[in-house]
Number of protein chains: 2
Amino acid sequence: MKLSTKGKYGLIAMADLAIAYLNNPNDSYLVLKTIATKRNISEAYLERIIAKLKKTNLIITQRGSLGGYSLAKHPKDIKVSEVLYELEGKLDVGGCSSSSDKSCIIKSNCFSQIVCEEINVKIREVIENMTIEDVLKSYLEKSKEF
Amino acid sequence: MKLSTKGKYGLIAMADLAIAYLNNPNDSYLVLKTIATKRNISEAYLERIIAKLKKTNLIITQRGSLGGYSLAKHPKDIKVSEVLYELEGKLDVGGCSSSSDKSCIIKSNCFSQIVCEEINVKIREVIENMTIEDVLKSYLEKSKEF
DNA sequence: TGGAATACCAACTAGTTTGGTTGGGAAGGA
DNA sequence: TCCTTCCCAACCAAACTAGTTGGTATTCCA
């Protein structure tokens, strides 16, 4: 029951891109290497993660030298859920989600389903109501404490 | 981000034991095989799961023929969290939970930590306020619909 | 026009975790 | 003395995680 590094790195990259975006919306391209080095993440691995986020149109790219990655839209318009669903799958704690799921042999799985359903609702509530901008703000807020 | 079968099977077993407990608190021992067969779970695997729950004193046992497993206390006094923490670990979505965690090299992990913290709080809220009896009741409630 | 810098992409891999299985005890009732 | 049950440790295949390797395609700049 852990968020994998995929999700974590994805959020980190999005946050870095968001900072660049807010600093200068006109030219906010960041080079992969910059993020990877700064955050101490494997370049090749991060690339694959970002590729997924591009595929879902959260990120746009510029190829060639002077190229890089940028957010496709304002951080306030990107939900955390959009990032995590893409990178972590449905983020669905339970097993047989739909009642029509035939692969769920153990009907009585529903004992656990009752618990899972409640957890799922709460998780969705959190990540669908939180934007990348919110994450950034919370982080800055938190940093001040130190 | 899935609950593993360990957690699921654990909840199922606890629910079955709870039914037996409520039916007859004086003699509520259930044989492993009964649960495993009824729920279509590998006997040997379920045994290992139940062993863990015994270790945390949620379950008591009777050896020999006429032996079996029983809840150690009333279902209303067993929190879902007790079961899941034992079987699934801390159920902590984030990585470096404590701020003193030195293994977290990426300080900026905290971008993801902000999200994880909120999710963790919600999950804890759900499972620490839900008892095995609640699960059972919800299940019966749900069954009526069909 | 050639090279440097960048994004793009697919195949491979070591290590860990999951979800078991196998095989043999030990205790207790009939 | 069986038989039934719980108890326990060692083993294992498949899937997943977290990458790595090695190459291709664009684009800018000198």
Side-chain angles (χ1 to χ4, degrees), chain A residues 1-10 12-13 17 20 27-37 39-56 58-72 87-91 93 95 103 105-106 109 112, chain B residues 1-10 12-13 17 20 27-37 39-56 58-72 87-91 93 95 103 105-106 109 112:
Chain A
M1 268 283 299
K2 291 250 179 284
L3 202 67
S4 75
T5 52
K6 253 181 253 167
K8 281 187 210 171
Y9 294 170
I12 291 170
L17 290 174
D27 180 27
S28 60
Y29 283 91
L30 271 191
V31 164
L32 179 74
K33 199 174 187 173
T34 309
I35 304 176
T37 310
R39 303 306 184 182
N40 202 31
I41 301 172
S42 147
E43 220 177 309
Y45 189 44
L46 184 59
E47 185 194 297
R48 282 206 339 211
I49 291 167
I50 288 189
K52 284 192 139 195
L53 297 175
K54 190 199 167 181
K55 225 182 50 197
T56 47
L58 295 177
I59 284 179
I60 51 174
T61 60
Q62 176 91 49
R63 298 183 71 164
S65 79
L66 295 195
Y69 296 93
S70 169
L71 291 192
L87 297 175
E88 300 276 344
K90 264 187 67 205
L91 220 59
V93 157
S103 72
I105 322 143
I106 321 166
N109 200 324
S112 76
Chain B
M1 269 282 301
K2 291 251 181 284
L3 202 67
S4 75
T5 51
K6 252 179 253 167
K8 282 187 211 172
Y9 294 171
I12 291 170
L17 291 175
D27 179 29
S28 61
Y29 284 92
L30 270 193
V31 164
L32 179 74
K33 200 175 188 174
T34 309
I35 304 176
T37 310
R39 304 307 185 182
N40 202 31
I41 301 172
S42 146
E43 220 177 307
Y45 188 44
L46 184 59
E47 185 192 297
R48 280 203 343 208
I49 291 166
I50 287 189
K52 284 191 139 195
L53 296 176
K54 191 200 167 179
K55 223 182 53 197
T56 47
L58 295 177
I59 285 178
I60 52 174
T61 60
Q62 175 89 50
R63 299 181 73 164
S65 80
L66 295 195
Y69 296 94
S70 169
L71 291 192
L87 298 175
E88 300 276 343
K90 261 188 69 204
L91 221 60
V93 157
S103 72
I105 322 144
I106 319 167
N109 200 326
S112 76

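Order of the sequence lines fixes the chain letters, A, B, ..., with proteins taken first and strands second; residue numbering starts at 1 for each chain.
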Classify A:Ile49 by what it touches in the nucleic acid, base, sugar-phosphate, or nothing, heavy-atom distance under 4.0 Å. nothing
What is the separation between atom CD1 on A:Ile35 and atom C1' on C:dA7, rounded to the nearest whole Å? 13 Å
Is the backbone N or O of A:Tyr29 less than 3.5 Å from a side-chain atom of A:Gln62, with the two atoms forming a donor-acceptor pair by type? no
Rounding to an integer number of Å, can you tell me how far A:Tyr45 OH sits from C:dA11 C1'? 16 Å
Under 4.0 Å between any heavy atoms, over every strand shown, what does B:Leu32 touch: base, sugar-phosphate, or nothing? Just pick one. sugar-phosphate
Check the distance between C:dG23's P and B:Glu47's CD and give it to me in whole angstrom. 15 Å
What is the first contacted nucleotide of DNA chain D and what is the last, in 5' to 3' order, if contact means an atom lying under 4.0 angstrom from a heavy atom of chain B? D:dT4 to D:dA10
Students often get this wrong, so: under 4.0 angstrom with heavy atoms, is A:Gln62 touching a base, only sugar-phosphate, or nothing? sugar-phosphate
Judged by atom type as modelled, is there a donor-acceptor pair below 3.5 Å linking the side chain of B:Thr37 to the main-chain atoms of B:Thr34? no
Should B:Leu71 and B:Leu58 be marked as a side chain to side chain contact (heavy atoms under 4.5 Å, CB included) after you check the CA-CA gap, both sets of side-chain angles, and the distance that decides it? CA-CA 6 Å; B:Leu71 291 192; B:Leu58 295 177; over 6 Å; no
Comparing A:Leu3 with B:Lys54, nearest DNA chain D nucleotide closer to 5' gives the residue B:Lys54
Between A:Leu46 (CG) and C:dT6 (P), how many Å, whole number? 15 Å
Does a side-chain heavy-atom distance below 4.5 Å link B:Ile41 with B:Thr5? no
When the distance from CG of B:Leu66 to C1' of C:dA26 is rounded to whole Å, what number comes out? 17 Å
Describe the nucleic acid contact of B:Lys33 in one word from base, sugar-phosphate, nothing, applying a heavy-atom distance below 4.0 Å. nothing
With a 4.0 Å limit, can you tell me whether B:Ser65 has a side-chain N or O closer than that to the phosphate oxygens OP1/OP2 of C:dA30? no
Would a 4.5 Å heavy-atom cut-off, applied to side chains only, mark B:Leu32 and B:Glu43 as touching? yes
Euclidean distance, atom NZ of residue A:Lys2 to atom C1' of C:dT16 [Å, nearest integer]: 14 Å
Check every strand shown and say whether B:Lys55 touches a base, only sugar-phosphate, or nothing at a heavy-atom separation below 4.0 Å. nothing
Can you check side chain to side chain contact (heavy atoms under 4.5 Å, CB included) on B:Ile35 and B:Leu17, steps first, answer last? CA-CA 9 Å; B:Ile35 304 176; B:Leu17 291 175; 4.1 Å; yes
Donor-acceptor pair, B:Glu88 side chain versus B:Gly7 backbone, under 3.5 Å? yes
Of A:Tyr69 and B:Glu43, whose nearest nucleotide on DNA chain C comes first from the 5' end? A:Tyr69
Grab the CZ-P distance between B:Arg48 and C:dT18 for me, whole Å please. 11 Å
Atom OH of B:Tyr9 and atom C1' of C:dG19: how far apart are they, to the nearest Å? 8 Å
